[in-house]
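Before any comments, here is the structure.
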Amino acid sequence: MTSAPDGPPGAALGSLELAALRARQRAQQIEEELARDPSRFRVLTGERPTGPLHLGHLFGTVENRVRLQRSGVDTLLVVADYQVITDRDVAGDVRGAVREVVLDYLAAGLDPELTTIFTHSAVPALHQLLLPFLSLVTVAELDRNPTVKAELAATGGRALTGLLLTYPVHQAADILFCRANLVPVGRDQLPHLETTRTIARRFNQRYAGAEPFFPEPDALLSTAPVVLGTDGAKMSKSAGNAIALGADTDTTVRAIRSARTDGDRHITYEPQRRPEVANLLLLTGLCTGRTPQEVAEDIGGRGAGVLKSLLADALLDYLAPLRARRAELAADPQVVHDVLTRGNARANELADETIREVRRLMRMLL
Ligand code: TRP
């Protein structure tokens, strides 16, 4: 393998730790700039449609997106449908999953007047960016991506496919097709942001002359506390420990009742020593605008049963408007279709403009 186009091998993509450090240092500055002049930013973020969204998404990212959207930042959300097949062999009912995700977005307050919601498979020019982008990274660099390694390890012995190896480059295309400069993500996505920044920088150096064409986007690391699932591990669809935003009352109450706790009746907020109890306190706090410590003091020696009842009431109250809106939207089959048609049209306009400019810079236009 040859060395990276702009530096010695091994020094090219930077480590996850460095990236996390820089993201944390930049966060404060970015928040200040956002408050001063939201028009300087274009936000792109999204997820792969592998099923409906859950509480971890809501408190971790979706509420932050609603906040960004309301602050006047141009926001785009990609439903990364091709990414579904990065770590599995069959795509399943992608259309159904996309529909669930979009319903969750809308119910949570994302407004298609302010936020462009699109599926990346509907935007051909976005994928065309992959060709020049792939030429700007080495296989050695792709091999080092810790998130790709973790995802491969979780596939239960599958061989590494070309798509899984290169999906961070695909993700760079998701971000750079609209020249987004701010990407709200969780920590696991930081390596992909590093790849995106590297690609932007190398493209600019190689093709753009004095005026950089692509921005080097910043990650906006979520400051929200990590919500755990009912078993005390990180909440995720695949772990079967999630409470879906659109779940009904019975399912929600049953999930809370079955949540793991510990043997100590005296309720205290100790995230290190008592992660499961701390998580239930955190969720109750998030739903009632209190700190988890306050909730713990309220409950005192009344035990985990009382904590669970409090959480069930608080959560059902908190989610009631979202769930009512979701049911209304779901009853009209046209809504999701219209939102995506409109979002895909705008995404295509932006992507067509970008690929034209890329081809011009690469001297491919007639
Ligand atoms: N890879 C992300 C995930 O698995 C989803 C995603 C696809 C994404 N394209 C993106 C996130 C662009 C941020 C920006 O969650």
Side-chain angles (χ1 to χ4, degrees), residues 16 19 23 41-54 56-58 60-62 64-65 68 73-88 91 94 97-98 100-102 104-105 110 115-123 126-127 129-130 133 142 145-155 163-200 214-222 224 226 234-239 242 343-344 347 350-351 354:
L16 178 54
F41 290 92
R42 176 172 282 165
V43 164
L44 181 129
T45 187
E47 47 253 306
R48 35 181 110 167
T50 50
L53 303 183
H54 53 64
H57 295 117
L58 182 68
T61 60
V62 175
N64 192 41
R65 294 175 192 172
L68 284 168
V73 185
D74 183 19
T75 306
L76 292 100
L77 281 180
V78 59
V79 185
D81 43 7
Y82 271 133
Q83 267 191 27
V84 169
I85 48 168
T86 50
D87 62 353
R88 63 195 71 199
V94 182
V98 169
E100 295 298 317
V101 168
V102 175
D104 287 328
Y105 282 164
L110 288 163
T115 296
T116 300
I117 303 173
F118 69 101
T119 48
H120 73 174
S121 72
V123 187
L126 183 160
H127 307 285
L129 287 173
L130 268 176
F133 285 5
L142 295 173
N145 186 305
T147 299
V148 170
K149 282 188 198 161
E151 288 177 14
L152 178 64
T155 63
L163 186 64
L164 181 51
L165 179 68
T166 56
Y167 100 84
V169 182
H170 204 173
Q171 191 152 325
D174 292 346
I175 295 166
L176 294 176
F177 91 95
C178 64
R179 296 204 273 165
N181 55 5
L182 192 59
V183 186
V185 280
R187 213 182 126 85
D188 65 319
Q189 299 291 305
L190 288 177
H192 307 345
L193 244 292
E194 279 309 295
T195 303
T196 303
R197 295 168 60 88
T198 300
I199 287 171
F214 287 117
E216 283 182 50
D218 274 305
L220 187 60
L221 263 192
S222 167
V226 175
K234 187 179 173 194
M235 189 177 281
S236 83
K237 282 169 286 210
S238 51
N344 288 343
L350 292 165
T354 298

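Remember, it's 1-based here, ligands and their atoms both numbered in the order they're listed.
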List the atom pairs, donor and acceptor, that lie under 3.5 Å between side-chain atoms in residues 183-191 and the rest of the protein, sequence neighbours left out.
{"residue": "R187", "atom": "NH2", "partner": "E17", "partner atom": "OE2", "Å": "3.1"}
{"residue": "Q189", "atom": "OE1", "partner": "Q171", "partner atom": "NE2", "Å": "2.9"}

Main chain of V169, side chain of T166: is a donor-acceptor contact present, judged purely on distance under 3.5 Å? no

Can any side-chain N or O of N344 pair as donor or acceptor with the backbone N or O of A122 at less than 3.5 Å?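 Checked: no pair found.
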
Heavy-atom cut-off of under 4.0 Å around ligand 1: list whichever protein residues fall inside it, by chain and number.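 These residues qualify: L44, T45, G46, E47, R48, V78, A80, Q83, Y167, Q171, D174, I175, V183, V185, Q189.
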
Contacts satisfying salt bridge (Lys or Arg N to Asp or Glu O under 4.0 Å) that involve residues 42-52 (not counting sequence neighbours) are R42-D74, E47-R65, R48-D87, R48-E151

Which value, rounded to the nearest 0.5 Å, describes the distance between L176 atom CG and L126 atom CG?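 CG of L126 is found 9.5 Å from CG of L176.
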
With sequence neighbours excluded, tell me which residues meet ring-ring contact (aromatic ring centres under 6.0 Å, His included) with H170. H120, H127

